[in-house]
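I have placed the structure first, in the form of structure tokens, so that the comments after it can refer back to it.
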Number of protein chains: 2
Amino acid sequence: MTRQRRVILEELKKAGSHPTADEVYRRVQKRIPNISMGTVYRNLEALSEHGIICRLQMSEGPMRFDASMEKHYHVRCSKCGRVGDVPASLVNNFESKVRAECEWQITGHRLEFIGICPRCQSKK
Amino acid sequence: MTRQRRVILEELKKAGSHPTADEVYRRVQKRIPNISMGTVYRNLEALSEHGIICRLQMSEGPMRFDASMEKHYHVRCSKCGRVGDVPASLVNNFESKVRAECEWQITGHRLEFIGICPRCQSKK
DNA sequence: TGGCTTATTAGTAATGATAACTATTACTAA
DNA sequence: TTAGTAATAGTTATCATTACTAATAAGCCA
């Protein structure tokens, strides 16, 4: 656990929402001015491989990262791209019939909601 | 509807599965040898904007395209990357509770199953 | 503590998918 | 046939991400 890795994790936690690698980079840069983008990517990768953070591949835009490991889904705002959380408890099981009737062996799924965030709703 | 666009659409339909832009390009190239990659992208884009084809942003790998417009979901093989279809009828409604309880205005979702395709299952 | 081994870094260059640009060509309607 | 528009081929640019490399820092044992 190097200083760089520690600061990257701290800033990701502070960010709260779901920053991209670049947003993490810009935050960390304020504390370690000569940090390199490669270091940010490498550490976000390492942290997610150790199950400490989560990498979110959304259907649009670059990869995002999430320090929260609780089970939840994500909503992406189609106006501004912001990403929010949807507790898994709001989503009923929908996989069982697919598992039963599909000749593929289903191992998981990726679900992302599309919507308009509160901020963009009030803008209009 | 230019010759290029027509051939792109024909080859996409013939391809059956879910080719990437590059695969479409290679197929079309056999009939129009000097076609440009840009033309392929532009036309796949145009066709999908007109609702004639469907562009699939999978969570891994490049964009894929689908000539079938029936409502269905996709499974991606985690071994080989192949993409298959899952009829929408196998998936129960799971969105209503989210719509009701989330302060975002939900407009849709993107769902992708992960699994192992029949071919990779038998390989092992 | 000091030296040794290995991992990690900063910096830069490379990659791969996609989009933008530009001069040229094809299509269309008058 | 011609002006106007749209689409093309070819090329270059962009953006996110990964790979490479020499220098630096961690961790560990004597």
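Here is the naming used below: chain letters follow the sequence lines, and residue numbers restart at 1 for every chain. Here the structure is a predicted model, which is why all the values come from computation and not from measurement.
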The reported gap from CD in Gln105(A) to SG in Cys117(B) (rounded to nearest 0.5 angstrom) is 10.5 Å
Value for CE (Met63(B)) from OG (Ser48(B)), rounded to nearest 0.5 Å, stands at 8.5 Å
Check your understanding: Among side-chain atoms of Ser59(B) and Arg110(A), is any donor-acceptor pair under 3.5 angstrom?
Key -> yes
Please tell me if the side chains of Leu12(B) and Pro19(B) come closer than 4.5 Å, counting only heavy atoms from C-beta onward. yes
Assign each of Arg3(B) and Ala21(A) the nucleotide of DNA chain D bearing its closest heavy atom; nearer the 5' end lies the nucleotide of Arg3(B)
Paired runs of 3 or more consecutive Watson-Crick or G-U pairs involving DNA chain C, with both pairing distances under 3.5 Å, are C:1-30 with D:1-30
* **NZ/Lys13(B): more than 12 non-hydrogen atoms of other groups inside 6.0 Å** => no
Within the structure, does a side-chain N or O atom of Thr39(B) lie under 4.0 Å from either OP1 or OP2 of dA9(D)?
-> yes
Scan side-chain atoms only and decide if Tyr41(B) and Glu45(B) contain a donor-acceptor pair under the 3.5 Å cut-off. no
**Check against side-chain contact (heavy atoms from CB on, under 4.5 Å), Arg27(A) and Lys14(A)** = CA-CA 10 Å; Arg27(A) 282 171 158 273; Lys14(A) 268 203 277 177; 4.3 Å; yes
Exactly one candidate in Arg3(B), Glu10(B), Gln4(B) meets side chain to side chain contact (heavy atoms under 4.5 Å, CB included) with Arg31(B); the answer is Glu10(B)
Under 4.0 Å between a side-chain N or O of Thr2(A) and OP1 or OP2 of dT9(C)? yes
Ordered by number, residues from residues 41-64 of chain B within less than 4.0 Å of DNA chain D (heavy atoms) are Arg42(B), Asn43(B)
Numerically ordered, the residues 22-37 of chain A set in heavy-atom contact under 4.0 Å with DNA chain D is none
Closest of dT8(C), dA10(C), dT8(D) to the Gln4(A) side chain is dA10(C)
How about His109(B) and Phe94(B): are their ring centroids closer than 6.0 Å? yes
Distance col, row Tyr73(A):OH vs Asp85(A):CG, nearest 0.5 angstrom, shows 13.0 Å
